[in-house]
Amino acid sequence: MEIERKFLVNNYPLLETYPCKNIKQAYLSTDPVIRIREMGELYFLTVKSQGHMVREEFEMPITKEQFESLYTKVDTSPIEKTRYFIPLDNHLTAELDIYKGHLEGLCTVEVEFTSVASADSFKAPQWFGKDITLDNRYKNNNLATYGIPIEE
């Protein structure tokens with residue numbers, strides 16, 4: 001079970017001291033969500049259930065060859081981003097994603113929680129922007145399909 005909240009980013013802190021990973025991911029299916037991801041030298045196949053803040057997630061490692069083979073079956077735009085891991089209070093981590101390519105200019109941050117109660121009581125740092133947890137347009141599968149949402 002994955003419990004997380006997602007936000008747009010106002011101004012992020014200086015990033016040079018935080019660990020980061022380059023991520024490339026693509027979707028074999030957007031309904032149900034079936035994703036492949038390359039993160040450094042690691043490769044994963046992930047299936048996610050419907051939902052917003054709370055979703056079931058099944059993730060399994062795959063080989064580079066399996067990733068490359070499955071990648072040929074993708075028909076949406078891949079997502080490329082750099083993810084920074086920024087420690088927060090209460091043993092939480094902000095996962096700041098700075099997108100590249102067709103999503104250049106978009107920055108989001110996610111925080112994973114161990115319970116719904118801790119997610120509900122979370123006080124976002126000042127550098128976090130609008131809470132987009134419930135906004136389907138910012139789910140990565142929709143970003144891959146439709147690009148950056150136009151804010152109303």
Side-chain angles (χ1 to χ4, degrees), residues 1-9 12 18-103 106-125 127-149 151:
M1 195 62 70
E2 175 184 66
I3 303 168
E4 69 182 11
R5 290 182 57 192
K6 187 172 187 175
F7 301 82
L8 293 176
V9 175
Y12 46 81
Y18 300 112
C20 68
K21 297 266 185 193
N22 288 317
I23 296 174
K24 179 179 179 181
Q25 65 189 44
Y27 292 84
L28 300 170
S29 170
T30 57
D31 189 19
V33 173
I34 303 173
R35 175 188 77 202
I36 55 172
R37 174 182 278 177
E38 173 185 3
M39 188 160 62
E41 299 295 317
L42 302 174
Y43 302 87
F44 301 95
L45 173 76
T46 305
V47 179
K48 293 188 176 209
S49 70
Q50 297 294 321
H52 295 287
M53 187 171 73
V54 180
R55 302 193 323 173
E56 286 187 63
E57 179 180 270
F58 169 78
E59 184 170 81
M60 63 180 254
I62 59 175
T63 66
K64 179 179 182 180
E65 293 75 25
Q66 289 168 323
F67 175 88
E68 290 171 350
S69 176
L70 289 168
Y71 193 80
T72 65
K73 308 203 177 353
V74 168
D75 60 1
T76 59
S77 298
I79 290 181
E80 295 187 54
K81 58 191 177 181
T82 301
R83 173 168 289 172
Y84 292 86
F85 301 91
I86 302 170
L88 300 175
D89 293 338
N90 300 316
H91 308 288
L92 296 173
T93 300
E95 296 181 354
L96 171 67
D97 289 338
I98 300 176
Y99 292 81
K100 304 172 187 176
H102 75 287
L103 298 172
L106 179 62
C107 295
T108 62
V109 62
E110 296 177 351
V111 181
E112 289 196 26
F113 301 92
T114 56
S115 71
V116 172
S118 61
D120 286 339
S121 65
F122 176 69
K123 301 286 186 243
W127 60 273
F128 283 33
K130 178 182 174 185
D131 186 338
I132 54 172
T133 303
L134 303 178
D135 191 336
N136 276 331
R137 300 174 306 158
Y138 287 97
K139 290 190 180 300
N140 279 310
N141 59 308
N142 287 327
L143 292 173
T145 303
Y146 306 112
I148 299 174
E151 285 297 313

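Everything quoted here is computed from the prediction, not taken from an experiment.
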If you count the non-hydrogen atoms of other residues, nucleotides and ligands that lie under 6.0 Å from CD in Glu56, is the total more than 12? no
Does Phe85 CZ have over 12 foreign heavy atoms under 6.0 Å away?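 Enclosed: over 12 neighbouring heavy atoms sit under 6.0 Å from CZ of Phe85.
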Mind checking whether [X] and [Y] have side chains closer than 4.5 Å, heavy atoms only?
{"X": "Leu8", "Y": "Thr108", "value": "yes"}
{"X": "Thr46", "Y": "Gln25", "value": "no"}
{"X": "Asp31", "Y": "Gln50", "value": "yes"}
{"X": "Tyr99", "Y": "Leu143", "value": "yes"}
{"X": "Phe122", "Y": "Leu92", "value": "yes"}
{"X": "Trp127", "Y": "Val9", "value": "yes"}
{"X": "Lys6", "Y": "Asn140", "value": "yes"}
{"X": "Tyr43", "Y": "Ile36", "value": "no"}

Once you round to the nearest 0.5 Å, how far does [atom1] of [X] lie from [atom2] of [Y]?
{"X": "Glu4", "Y": "Phe7", "atom1": "CD", "atom2": "CZ", "result": "10.5 Å"}
{"X": "Ile23", "Y": "Thr82", "atom1": "CD1", "atom2": "OG1", "result": "8.5 Å"}
{"X": "Glu112", "Y": "Thr114", "atom1": "CD", "atom2": "OG1", "result": "10.5 Å"}
{"X": "Thr93", "Y": "Glu110", "atom1": "OG1", "atom2": "CD", "result": "12.5 Å"}
{"X": "Met39", "Y": "Lys21", "atom1": "CE", "atom2": "NZ", "result": "6.5 Å"}
{"X": "Ile86", "Y": "Glu95", "atom1": "CD1", "atom2": "CD", "result": "10.0 Å"}

In terms of side-chain geometry, is the basic nitrogen of Lys24 or Glu80 positioned less than 4.0 Å from the acidic oxygen of its partner?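 Looking at Lys24 and Glu80, the cut-off is not met.
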Heavy atoms only: give me the nearest [X]-[Y] pair and the separation to one decimal.
{"X": "Thr30", "Y": "Asn141", "value": "O-ND2, 3.5 Å"}
{"X": "Met53", "Y": "Ala119", "value": "SD-CB, 3.7 Å"}
{"X": "Leu70", "Y": "Ile62", "value": "CD1-CD1, 4.2 Å"}
{"X": "His102", "Y": "Pro78", "value": "CE1-O, 3.1 Å"}
{"X": "Thr76", "Y": "Thr145", "value": "CG2-OG1, 3.6 Å"}
{"X": "Asp120", "Y": "Arg5", "value": "O-NH1, 4.2 Å"}

Carefully, step by step, assess Tyr84 and Val109 under the rule side chain to side chain contact (heavy atoms under 4.5 Å, CB included). CA-CA 9 Å; Tyr84 292 86; Val109 62; over 6 Å; no
Under 3.5 Å donor-acceptor, Asp131 side chain and Thr133 backbone: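 Checked: pair present.
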Partner set under ring pair (Phe, Tyr, Trp, His ring centres under 6.0 Å) for Tyr71, not counting sequence neighbours: Phe67
Before you tell me yes or no, could you show the steps for Glu59 and Arg35 under salt bridge (Lys or Arg N to Asp or Glu O under 4.0 Å), namely the whole-Å CA-CA distance, both residues' side-chain angles and the distance that decides it to 0.1 Å? CA-CA 9 Å; Glu59 184 170 81; Arg35 175 188 77 202; 3.5 Å; yes
